[in-house]
2 protein chains.
Amino acid sequence: MQKSPVQCQFVAALDSIVGKWKPIILYHLLQGNPLRFNELRRLIPDITQRMLTLHLRELEEEELVQRVIYPQIPPKVEYSITEYGMSLSPILETLHQWGKAHVERKQLKKENNEQTETD
Amino acid sequence: MQKSPVQCQFVAALDSIVGKWKPIILYHLLQGNPLRFNELRRLIPDITQRMLTLHLRELEEEELVQRVIYPQIPPKVEYSITEYGMSLSPILETLHQWGKAHVERKQLKKENNEQTETD
DNA sequence: TGGTATAGTATTAAAAAAGGTACTGTAACG
DNA sequence: CGTTACAGTACCTTTTTTAATACTATACCA
């Protein structure tokens with residue numbers, strides 16, 4: 001599909017940080033410590049192995065995340081945020097804040113509705 | 001699907017601004033002027049009527065966009081950003097900036113690769 | 001010897017999102 | 001009288017995303 005030039009910027013940005021799981025993967029890696037594959041799985045209980053693999057590969061391809069393999073058995077692979085990936089920090093922080101306020105707003109609205117309905 | 005609490009914030013935020021067409025719809029409406037249905041179509045040439053309708057309805061439901069019907073024939077419907085929708089402005093602006101830099105970075109990388117390959 | 005941990009891949013199925021085309025009613029324009 | 005503009009809706013197909021399950025090799029522990 002053809003894309004208008006303006007949209008491209010958004011698409012480029014969103015493609016990098018969305019995908020349902022990407023924001024939370026990046027969020028955990030932005031805490032600073034490198035994390036192993038199964039550590040990430042434990043931090044994100046509902047993600048499947050496949051989804052985690054897929055999204056990590058995409059993030060790696062975009063150089064937002066770094067993958068380091070230690071040639072050991074059993075295998076050890078560590079993922080960490082790259083310096084470039086850190087440039088996403090303000091976006092994710094803003095997004096996180098806005099999302100929080102948005103959820104609270106919805107909650108408030110719901111409560112108000114329940115109030116007036118039972119009146 | 002169960003969602004971990006941290007992800008919810010992101011999901012809540014992203015659900016509101018993504019959907020492939022939402023960022024660009026919001027971008028145009030954030031310019032300030034209310035826009036009619038077909039004006040938006042012309043500004044976003046590749047969107048289909050159906051997709052535009054669907055996304056506008058979702059944006060309306062979340063109170064990010066306001067829909068005003070003028071009872072005329074032929075019909076006139078104007079869409080504008082709500083005050084709440086304006087709170088997305090910094091996110092979209094940051095996203096837009098980052099996306100732009102990201103595209104340029106990729107372009108640069110591509111050029112460099114082509115250089116070294118022909119050397 | 002059997003079970004567990006590691007970091008995945010392969011295959012298939014299901015669900016969600018997006019897209020395409022045709023159609024609606026009304027009025028003004030030519 | 002035929003065409004265009006407006007703002008959609010209905011119906012169907014395709015594409016993309018997500019999920020579920022089974023499987024790999026190797027080493028360590030009991």
Side-chain angles (χ1 to χ4, degrees), chain A residues 1-4 7-8 10-12 14-26 28-29 33-62 65-80, chain B residues 1-4 7-8 10-12 14-26 28-29 33-62 65-80:
Chain A
M1 200 207 57
Q2 276 269 104
K3 277 165 199 158
S4 65
Q7 186 187 20
C8 276
F10 288 116
V11 169
L14 291 168
D15 272 3
S16 302
I17 61 167
V18 308
K20 175 158 195 181
W21 300 106
K22 279 184 190 175
I24 198 173
I25 294 172
L26 287 167
H28 285 301
L29 291 176
N33 309 44
L35 294 169
R36 297 179 65 176
F37 187 82
N38 277 353
E39 282 179 318
L40 277 168
R41 274 189 72 189
R42 279 190 287 269
L43 287 169
I44 312 168
D46 297 315
I47 200 168
T48 59
Q49 280 187 309
R50 181 181 149 76
M51 284 300 110
L52 185 53
T53 304
L54 252 65
H55 289 300
L56 282 171
R57 290 290 174 284
E58 282 176 36
L59 291 169
E60 200 194 340
E61 190 134 329
E62 301 193 77
V65 161
Q66 201 177 6
R67 181 170 177 254
V68 178
I69 308 164
Y70 296 87
Q72 308 178 348
I73 281 171
K76 174 173 173 181
V77 178
E78 269 189 355
Y79 294 90
S80 53
Chain B
M1 199 208 58
Q2 276 270 108
K3 277 164 199 158
S4 64
Q7 185 186 17
C8 276
F10 289 116
V11 169
L14 291 168
D15 272 3
S16 303
I17 59 167
V18 308
K20 178 159 193 179
W21 299 107
K22 280 184 191 173
I24 197 172
I25 294 172
L26 288 167
H28 286 300
L29 292 177
N33 308 46
L35 293 168
R36 298 178 66 174
F37 187 82
N38 277 352
E39 282 180 317
L40 277 167
R41 274 188 71 190
R42 279 189 287 270
L43 287 169
I44 313 168
D46 297 316
I47 200 168
T48 58
Q49 281 185 308
R50 180 183 149 75
M51 284 298 110
L52 184 53
T53 304
L54 251 66
H55 288 301
L56 282 171
R57 291 290 174 283
E58 283 176 35
L59 291 169
E60 200 194 340
E61 189 132 332
E62 302 194 76
V65 161
Q66 201 176 6
R67 180 170 177 257
V68 177
I69 306 164
Y70 296 86
Q72 306 178 349
I73 281 172
K76 175 173 171 181
V77 178
E78 269 188 355
Y79 293 91
S80 54

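So you know, we letter chains A, B, ... as the sequences are listed, proteins then strands, and number each from 1. Scope of the values below: all heavy atoms of this structure, side chains included, with no hydrogens, waters or symmetry mates.
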Rounded to whole Å, how long is the line connecting atom CD1 of A/Ile47 with atom C1' of D/dT18? 11 Å

Considering all heavy atoms, the nearest B/Gln49-B/Phe37 contact: O-CZ, 3.8 Å

Taking atom CD of A/Gln72 as the centre, does the number of heavy atoms from other residues, nucleotides or ligands within less than 6.0 Å exceed 12? yes

Could you state the atom-to-atom distance from CH2 of A/Trp21 to P of C/dA16 in whole Å? 14 Å

Taking atom C1' of D/dT18 as reference, at what distance in whole Å does atom NE2 of A/His55 sit? 8 Å

Return the value, rounded to whole Å, for the distance between atom CE of B/Met51 and atom P of D/dT15. 15 Å

Side chain of A/Arg42 (C-beta onward), nearest among C/dT6, D/dG8, C/dG8: C/dT6

Nearest-Å distance, CG (A/Leu54) to C1' (D/dT18)? 10 Å

Along DNA chain D (nearest heavy atom to each residue), the more 5'-positioned of A/Pro75 and B/Lys76: B/Lys76

Can you measure B/Leu56 atom CG to C/dA18 atom C1' for me and round it to whole angstrom units? 16 Å

Does A/Arg67 reach a base, just sugar-phosphate, or nothing at all? Heavy atoms under 4.0 Å. sugar-phosphate

Rounded to the nearest 0.5 Å, how far apart are CG of A/Leu26 and NE2 of A/His55? 11.0 Å

Give the nucleotide from the list C/dT6, C/dA7, D/dA7 with an atom nearest to the side chain of B/Arg36. D/dA7

Whole-Å distance, B/Gln49 CD to D/dC11 P, equals 17 Å

Does OP1 or OP2 of D/dT16 have a side-chain N or O of B/Lys20 closer than 4.0 Å? no

Salt-bridge criterion met for A/Arg67 and A/Glu78 (N-O under 4.0 Å): no

For B/Arg57, answer base if it contacts any base atom (sugar-phosphate contacts may also be present), sugar-phosphate if it contacts only those atoms, and nothing otherwise; contact means non-hydrogen atoms under 4.0 Å. sugar-phosphate

Out of D/dG8, D/dC6, C/dT6, which nucleotide sits closest to the side chain of A/Asn38? C/dT6

So if I take every side-chain heavy atom of B/Ile73 and compare against D/dA7, D/dT18, C/dT26, which nucleotide ends up nearest? C/dT26

Does B/Tyr70 reach a base, just sugar-phosphate, or nothing at all? Heavy atoms under 4.0 Å. nothing

Indicate yes or no for a side-chain donor-acceptor contact from A/Glu39 to the backbone of A/Arg36 under 3.5 Å, with no hydrogens or angles considered. yes

Atom-pair distance (CZ on B/Arg41; C1' on C/dG19), nearest Å: 13 Å

Ranking C/dA7, D/dC6, C/dG20 by distance to the side chain of B/Arg50, first place goes to C/dG20

